[in-house]
Amino acid sequence: MRPVFQVTTDRDSAAWWERTGRGEFAVQRCEACGRARFPARTFCAACQAERWHWEAAEPEGTVESWIVNHQAFGTGDGEPYVVVMVRPAAVPDCLLHGGWLAAREPVGGERVRGVFTPGAGGLTLVDWEPAGE
Amino acid sequence: MAKRLLDFRDRTAVAGVGYTPFTKNSGVSTLTLACRAVMAALDDAGLGPGDVDGLATHRVGDSAPPTLVGPALGIRDLSWHLDQFGGGSVSHAVVGQAALAVAAGVAETVVCYRAINARSEFRMGGTGRGLPASPEVQYQAPYGFFAPPQQYAMYARAHMLKYGTTAEHFGRLAVTQRANAVKNPRALMRAPITLDDYLASRWIAEPFRLLDCCLETDGACALVVTTAERARDLRRPPVLVSAAAWGGGESHLSGGPADPATTAAAALAPRLYGQAGLGPRDVDVAQIYDCFTYSVIVQLEDYGFCPKGEGGPYVASGATALDGELPVNTHGGFLSEGYVHGMNHVAEAVSQLRGDAGDRQVPGAEVALSTAQPGYVLPATSALILRRD
């Protein structure tokens, strides 16, 4: 089982976590240049504008990498679990981490779909499963 | 953008190095470790605390700052000090910043140190401490993903997928570095290992096994940085600071590079070599940040020692062994000597250039590269080029 790491959300991210709690996978869209960004923050890295809005996106992406954790870090029990690194289709120049929900290991580059999962501290997490299965 | 630093190359020097023993339990405070290493480095240089007007360290809330170490050693007036936040990514930045301060005349004799009880008190593996309040951590830690071996294993697999790097490549690096540690009396791990030993070591976070991971060590290491002129009058042969460079890092924020198989060293390297007026082919020996096997392989590529993607085969060819074309981590590195967060890499580079590295000496070494954590996890990196006077 994955260990429970309690984290604190912040003033940039709170609205994002609120949306995952409603089963929504949202990205920010810059109102000046139209670029999507993640994780949540105020400034657009491309044009430095502060104007933006939330936009619901499909929780889809491709597998960039993954690990199979064996070490009992923190509250972990040493039972292996997989963490996947996903390149989200909605914001392809960022990388997201999440749990892996299939019995088999991921495959590099495979298409995956986000699944909303209850996590520690009342957060709703986004885990991933193979898109076509 | 600064294109060059006026009159910086070779103006400053490392005049002394000092260590405490590397252990699994020092039994003393980090303040004690820091003071012992500082005194040892000063003694090596033929100086005393009365000669010191600058102190510099880096830490992540785990060690004694200059404002404590100074008074503890009776150094009353520090004209320059630096307490840099950060781990291995800023180890070399600390030495570089000390060299800049000396070159600028703000201080004349700076001791840089790193003191940690990283095994007995404050382990980097994530136990015994809270999570940092980083905006990225909250998107990772809830998934059971936080500890450095997990982070690096993720990048290592991305490199394996993209370039065909294999477990055997990682293993050859671990075996080669252990062979160096066998020749290093200071090293914690001095029993030789084979590729089979590597492959049989237990999983930590696949694709990493135990022998992909560096040690967690109690210990301290210190360096005396002063002007080249002054260093020439001191006890030891000076080792000149030819170049110091800083760089960004891999970020998961959109707008960044988002290429997990290339590090910020690729952008830093041209600045570093340009400052020194040298290239990778001029480097005789390299101490490359090895928190994990993979971090060496990717940096060999990004510092230009082999084409991108060929770091694994380069290591497997024997090129990085003590008798290879580029001896790497001649002290055994963090994997086998001990983990003092970067400072022991710089100290080993100094030792090689002074010619006092004993059984592991690279004959005729004149130019050394020493590098920091290449910009994963904490998105910053730094590196130095040192050379014999």
Side-chain angles (χ1 to χ4, degrees), chain A residues 1-10 12-13 16-17 27-28 35-41 43-46 63-76 80-85 87-88 91-100 105 107-109 119-121 123 125-127, chain B residues 123-165 201-210 212-213 250-261 292 294 376:
Chain A
M1 280 291 292
R2 62 187 176 201
V4 178
F5 286 126
Q6 292 283 358
V7 299
T8 312
T9 63
D10 61 29
D12 286 326
S13 68
W16 189 79
W17 288 111
V27 300
Q28 288 168 293
R35 194 174 294 243
R37 68 177 178 265
F38 188 87
R41 60 210 131 112
F43 278 78
C44 174
V63 170
E64 189 78 14
S65 186
W66 72 95
I67 65 163
V68 185
N69 188 78
H70 293 256
Q71 181 79 6
F73 293 110
T75 60
Y81 63 93
V82 174
V83 182
V84 68
M85 185 160 77
R87 192 178 287 276
V91 192
D93 63 344
C94 90
L95 298 166
L96 274 178
H97 295 79
W100 178 247
E105 278 190 39
V107 175
L123 293 182
L125 308 181
V126 183
D127 289 325
Chain B
R123 298 180 69 171
M124 290 295 146
T127 52
R129 60 175 173 150
L131 297 176
S134 134
E136 294 184 343
V137 165
Q138 64 176 298
Y139 300 101
Q140 300 174 4
Y143 304 97
F145 187 81
F146 170 66
Q150 300 177 313
Q151 303 258 7
Y152 259 91
M154 190 70 89
Y155 293 118
R157 188 180 313 265
H159 196 274
M160 295 167 92
L161 291 169
K162 191 164 181 179
Y163 296 116
T165 307
S201 69
R202 69 184 168 88
W203 289 120
I204 300 296
E206 292 178 54
F208 279 170
R209 297 167 167 84
L210 180 67
D212 285 296
C213 304
E250 168 68 21
S251 167
H252 295 151
L253 270 61
S254 60
D259 175 4
F292 303 96
Y294 165 70
Y376 290 130

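B:M154 has its side chain out of reach of A:E64: every pair of non-hydrogen atoms, C-beta onward, lies at least 4.5 Å apart.
Residues satisfying the ring-ring contact (aromatic ring centres under 6.0 Å, His included) criterion with B:Y155, sequence neighbours excluded, are B:Y376. Not counting sequence neighbours, the partners of B:D259 by the salt bridge (charged side-chain N to carboxylate O under 4.0 Å, His left out) test are B:K162.
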Task: Criterion side chain to side chain contact (heavy atoms under 4.5 Å, CB included) on B:F145 and A:I67, from CA distance to verdict - done: CA-CA 9 Å; B:F145 187 81; A:I67 65 163; 3.9 Å; yes

Open item on the list: Checking B:Y143 against A:H97 for the ring pair (Phe, Tyr, Trp, His ring centres under 6.0 Å) test, could you report, in this order, the C-alpha distance in whole Å, the side-chain angles of both residues, the deciding distance, and whether it holds?
Closed with: CA-CA 7 Å; B:Y143 304 97; A:H97 295 79; 8.1 Å; no

Open item on the list: What verdict does the side chain to side chain contact (heavy atoms under 4.5 Å, CB included) test give for B:R157 and A:M85, after you've listed the backbone C-alpha separation in whole Å, the side-chain angles of each residue and the deciding distance to 0.1 Å?
Closed with: CA-CA 10 Å; B:R157 188 180 313 265; A:M85 185 160 77; over 6 Å; no

Task: Audit row: B:Q150, A:V83, side chain to side chain contact (heavy atoms under 4.5 Å, CB included) steps and yes/no - done: CA-CA 9 Å; B:Q150 300 177 313; A:V83 182; 5.6 Å; no

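Between B:Y139 and A:F38, the two ring planes are perpendicular [angle over 60°; tilted spans 30° to 60°].
Here the shortest heavy-atom pairing between B:A158 and A:S65 reads N-OG, 3.3 Å. The minimum heavy-atom distance between A:C94 and B:A258, with the atom names listed, is N-CB, 4.3 Å. Residues A:F73 and B:P149 share a closest heavy-atom pair of CZ-CG, 3.7 Å. Pairing each heavy atom of B:P142 with each of A:R2, the nearest pair is O-NE, 4.0 Å. Between A:V7 and B:V137, the shortest heavy-atom contact is CG1-O, 4.3 Å. Considering every non-hydrogen atom in both A:T9 and B:Q138, the closest pair reads CA-OE1, 3.3 Å.
The environment of CZ in A:R35 is sparse: at most 12 heavy-atom neighbours from other residues, nucleotides or ligands sit within 6.0 Å.
The distance from the CH2 atom of A:W66 to the CG atom of B:L161 is 5.0 Å, given to the nearest 0.5 Å. Interatomic distance, A:H70 NE2 to B:L210 CG, rounded to the nearest 0.5 Å: 13.0 Å.
With a 4.5 Å cut-off on non-hydrogen atoms, A:Q28 does not touch chain B at all. Looking at A:N69, the atoms closer than 4.5 Å to chain B (heavy atoms on both sides) sit in the backbone and in the side chain alike. With a 4.5 angstrom heavy-atom cutoff, B:I204 touches chain A via backbone and side-chain atoms both. Both the backbone and the side chain of A:A40 come within contact range of chain B, each with at least one heavy atom under 4.5 Å from a heavy atom of that chain. Residue contact with chain B, scored on non-hydrogen atoms closer than 4.5 Å, is absent for A:V82.
Judged by distance alone, with hydrogens and angles left aside, the side-chain atoms of A:R37 form no donor-acceptor pair with the main-chain N or O of B:S254 at under 3.5 Å.
Across A:V68, A:L95, A:L123, the residue that shares the most heavy-atom pairs under 4.5 angstrom with chain B is A:V68. Across B:M160, B:R202, B:H159, the residue that shares the most heavy-atom pairs under 4.5 angstrom with chain A is B:R202. The greatest number of non-hydrogen atom pairs below 4.5 Å with chain A, out of B:A205, B:A153, B:P207, is found for B:A205. The most heavy-atom pairs under 4.5 Å with chain A, out of B:A261, B:P260, B:A156, come from B:P260.
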